[in-house]
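Throughout, protein chains are lettered first and strands after them, A, B, ... in sequence-line order, and every chain is numbered starting at 1. Since the model is a prediction, treat every value here as computed from it, not as a measurement.
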Number of protein chains: 2
Amino acid sequence: MRIGELSERTNTSRRLLRYYEEQMLIVSTRMPNGYREYDERFVDRVMQIRGLLDAGLPIRIIKQILPCLDKPRTIHFPDATPEMLDTLRRERDRMTERINCLIRNRDSVSEYLAEVSKGWRPGTAPSSAPAQERVPAGA
Amino acid sequence: MRIGELSERTNTSRRLLRYYEEQMLIVSTRMPNGYREYDERFVDRVMQIRGLLDAGLPIRIIKQILPCLDKPRTIHFPDATPEMLDTLRRERDRMTERINCLIRNRDSVSEYLAEVSKGWRPGTAPSSAPAQERVPAGA
DNA sequence: TTGAACCCTCACATATATGTGAGGGTCAAC
DNA sequence: GTTGACCCTCACATATATGTGAGGGTTCAA
């Protein structure tokens with residue numbers, strides 16, 4: 001597909017797709033006329049990138065963990081230097097810290113909302129349906 | 001305490017503490033000479049802010065959820081407009097999405113690391129191998 | 001009384017992720 | 001063959017979090 005379709009399907013501006021390519025998070029082949037050509041799996045890939053970005057990871061880190069995230073898990077031994085593995089371990093721990101921080105704070109917000117809706121004027125229905133929970137905490 | 005001590009105890013530059021104040025995440029009283037004065041609880045408060053920031057939340061959101069995070073849970077009913085509660089609910093859901101995204105990806109990284117360490121040449125300790133291999137992209 | 005170690009404000013600089021637009025090709029439909 | 005919807009590169013603009021430094025007070029101890 002061309003960049004326009006990928007853009008629509010991932011809800012990501014063309015500008016950003018080109019930026020991610022420049023940052024080497026994704027690649028594209030070129031058609032004879034110079035247009036970028038993407039194959040299907042880039043839809044998921046781009047959405048994964050968006051998710052990580054939204055979760056607060058910077059591009060330079062995403063670039064490093066992206067090779068670990070292939071779905072049929074193809075490990076590239078030659079690519080994994082000990083330095084990269086160390087970085088990966090540190091980053092995994094950092095992600096765990098972020099997760100725990102977010103969980104703690106989200107739970108506080110949830111609690112607050114629960115208490116407010118309990119004590120709130122009983123005439124008004126607060127319509128709060130917690131979209132929550134699926135949280136083991138392991139490293 | 002003055003800004004220098006808070007800075008050291010929270011590992012946050014003075015510049016940033018002033019910035020957080022300007023953004024109204026924290027407040028300070030002033031001593032007669034104009035120096036900022038903070039009380040103990042700002043140590044935790046600032047660390048909480050740092051955690052949320054590191055987890056990817058922007059300051060304008062942190063500002064909104066901060067009132068829900070007081071430890072002895074003092075709910076300010078008059079402050080909570082229905083709009084703010086809606087924002088809060090949306091933000092809680094957004095945090096949950098981030099959490100799940102981070103968990104998913106962290107688990108993938110963990111898995112990758114586990115598989116690499118299993119399949120690695122058993123003679124070599126993972127952080128002391130001769131660092132001479134093809135390195136196409138990485139740190 | 002001088003100097004070190006604090007503090008103040010103000011303002012410009014940087015990095016990162018993103019938007020916007022100019023100037024210009026390609027291609028299919030009318 | 002013109003039009004409209006695509007695409008390209010390049011470059012400047014914006015927002016956010018942060019660094020850095022100038023120019024200048026305050027406090028305290030040697």
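B:R18 comes within contact range of at least one nucleobase, with a heavy-atom separation under 4.0 Å. Within 4.0 Å (heavy atoms only), B:R60 reaches no atom of the nucleic acid at all.
Residue whose closest nucleotide on DNA chain C sits further toward the 5' end, between B:E8 and B:R15: B:E8.
With respect to A:D70 and A:R45, a salt bridge is recorded, a charged nitrogen being found less than 4.0 Å from a carboxylate O. Taking a cutoff of 4.0 Å between a charged side-chain nitrogen and a carboxylate oxygen, B:D86 and B:R89 qualify as a salt bridge. Electrostatic pairing of B:E21 and B:R18 does not count as a salt bridge here, judged by no charged N lying under 4.0 Å from a carboxylate O. Salt bridge B:R9/B:E40: present, at least one basic N to carboxylate O contact under 4.0 Å.
A straight line from CZ of A:R14 to C1' of D:dC6 spans 8 Å, rounded to a whole angstrom.
Atom CG of A:N11 has 12 or fewer neighbouring heavy atoms from other residues, nucleotides or ligands inside a 6.0 Å radius. Summarising the local packing, CZ of B:R60 is surrounded by 12 or fewer heavy atoms from other residues, nucleotides or ligands at distances under 6.0 Å.
Using a 4.0 Å cut-off on heavy atoms, the residues of residues 24-52 of chain B that approach DNA chain C are B:R30, B:G34, B:Y35, B:R36, listed by number.
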Test log, rule salt bridge (charged side-chain N to carboxylate O under 4.0 Å, His left out), inputs A:E91 and A:R94: CA-CA 5 Å; A:E91 215 43 49; A:R94 196 118 181 281; 3.7 Å; yes
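Reading DNA chain C from its 5' end, the first and the last nucleotide to sit under 4.0 Å from a heavy atom of chain B are C:dC6 to C:dA11.
Side-chain polar atoms of B:R50 and B:Y20 form a donor-acceptor pair below 3.5 angstrom.
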